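Every number for a ligand or one of its atoms is a count from 1 in the order of the listing. These figures come from a predicted structure and were not determined experimentally.
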Amino acid sequence: MFVLPENVRHIIETLEAAGHEAFIVGGCVRDVIRGVKPKDWDITTSALPPQVKGLFPRTFDTGIAHGTVSVLAGNGECCEVTTYRVDGAYLDNRRPSEVTFAGEITEDLSRRDFTINAIAYSPTRGLADPFGGREDIKKGVIRCVGDAEKRFGEDALRMLRAVRFAAVLGFRVDETDLLEAFNLRHSLANISAERVREELVKLLCGENIGALKLLESTGLMHFVLQKRDYPANLLDKTILQIKALNENADEKMRLALFLSWTGDDCKRILRDLRFDNNGIKIISMYVENLFAPLPQSRYEIKKYLKEISAEHFVKLLELKNVIGLETNPAPEIQKIREEVADILEKKECFTLRELAVNGDDLAAVGIPQGKEMGAALEKLLDAVMHDPSLNTAERLLPMLMC
Ligand code: ATP
Ligand code: MG
């Protein structure tokens, strides 16, 4: 069942040949057991970081403070190798203040969040599964390693991770763990907004988006939204809308549906969640336009293409399609999609870049630089957006005279 990539096998064998223990661990083991191709392969070892570095020609200190060394394989792929560790004291429900290396694989597995993530495998030593992770994968349950109250108390982000894994894996969260998450929901406020955002984004990209309900039932939603409430009774509708999206819909589109109700507050929420400026701009643009009427003419479509680009307009149409099948009937959206394709195919002009004249041409006929020139170019562009046949210098320049 466990077919390891060549470079992963090589790293494990090299560590073992030097007298250390080494296992693949965490998400990759879980995914192999589920029959899913792992995204990346993490290795855990009894070797200390300097020993790991001594065994491989090309390594980076990615997280040396946490005992993690990245080993670069011949094919350029990177694999993280982390020394067995137990976490030190937890402060304020956040990550440990210090890290201590452990002597045994079981100790390392016991610091991990969920049983399904606390399984290790080595080609020579076989499986290490001291907490029944395989059984929980079979049952489709997310369950803390050990006592949920203690584990959520140590790191409040784990509550959100539980819901994230429920969304991504389609598993349920153990009832006791859910109850503890409800009891400890306030401590999510101690977690940095960046870490909350990362989990929220992964959650929204999960196939089992119905897991969003768990955020509401545990009360975690209020803290995910940085102390705001999701409007009552709206979440079911949001879930249906996100489900109706194309499966390749990107995270910004999903966030726009999740935040469709925020209006003017959208930017503030995204900023509080430490999204980058580009993310804030695009997501809030989707939200602002979500309920606006559909463009009624080819010209109005070009206005959108000019303002937000063709790529984003096509995505906005997809969002409009899923939010209001009653108000914006799908055939109408389909017609607009076809018109966009036609505009692009015919290379009709809707940006200054594609206009047949530029600033130099206008300067040559005596239009002064600055505001006046900007206004003149916009006027010509607007005319061309109405009538593409105007887009030649011969036809445009005379228009400036009147
Ligand atoms: P994904 O496929 O989404 O990357 P993953 O299981 O690899 O899932 P990561 O967030 O990459 O998840 O974490 C890697 C492993 O580290 C987890 O499988 C888990 O064993 C451990 N881990 C990560 N975060 C925590 C945490 N907050 N508390 C305890 N263990 C954690
Ligand atoms: Mg991972």
Contacts satisfying ring-ring contact (aromatic ring centres under 6.0 Å, His included) that involve residues 211-231 (not counting sequence neighbours) are His186-Phe223, Tyr230-Phe258, Tyr230-Trp261

For residues 351-397, which residue pairs qualify under ring-ring contact (aromatic ring centres under 6.0 Å, His included), counting only residues two or more places apart or in two chains?
-> Tyr299-His386

For ligand 1, would you mind listing the residues that have at least one heavy atom less than 4.0 Å away, ordered by chain and number?
-> Gly26, Gly27, Arg30, Lys39, Arg111, Arg112, Asp113, Asn117, Asp155, Arg158, Arg161, Arg164, Phe165

Could you tell me whether Arg197 sits above the aromatic face of Phe275, with NZ or CZ closer than 6.0 angstrom to the six-membered ring centre and within 45 degrees of the axis?
-> yes

Lys/Arg-Asp/Glu bridge criterion (N-O < 4.0 Å) met for Asp264, Arg268 = no

Using the benzene-type ring in the case of Trp, are the ring centres of Phe2 and Tyr121 under 6.0 Å apart?
-> yes

Scan residues 339-376 for pairs that pass ring-ring contact (aromatic ring centres under 6.0 Å, His included), counting only residues two or more places apart or in two chains.
-> none

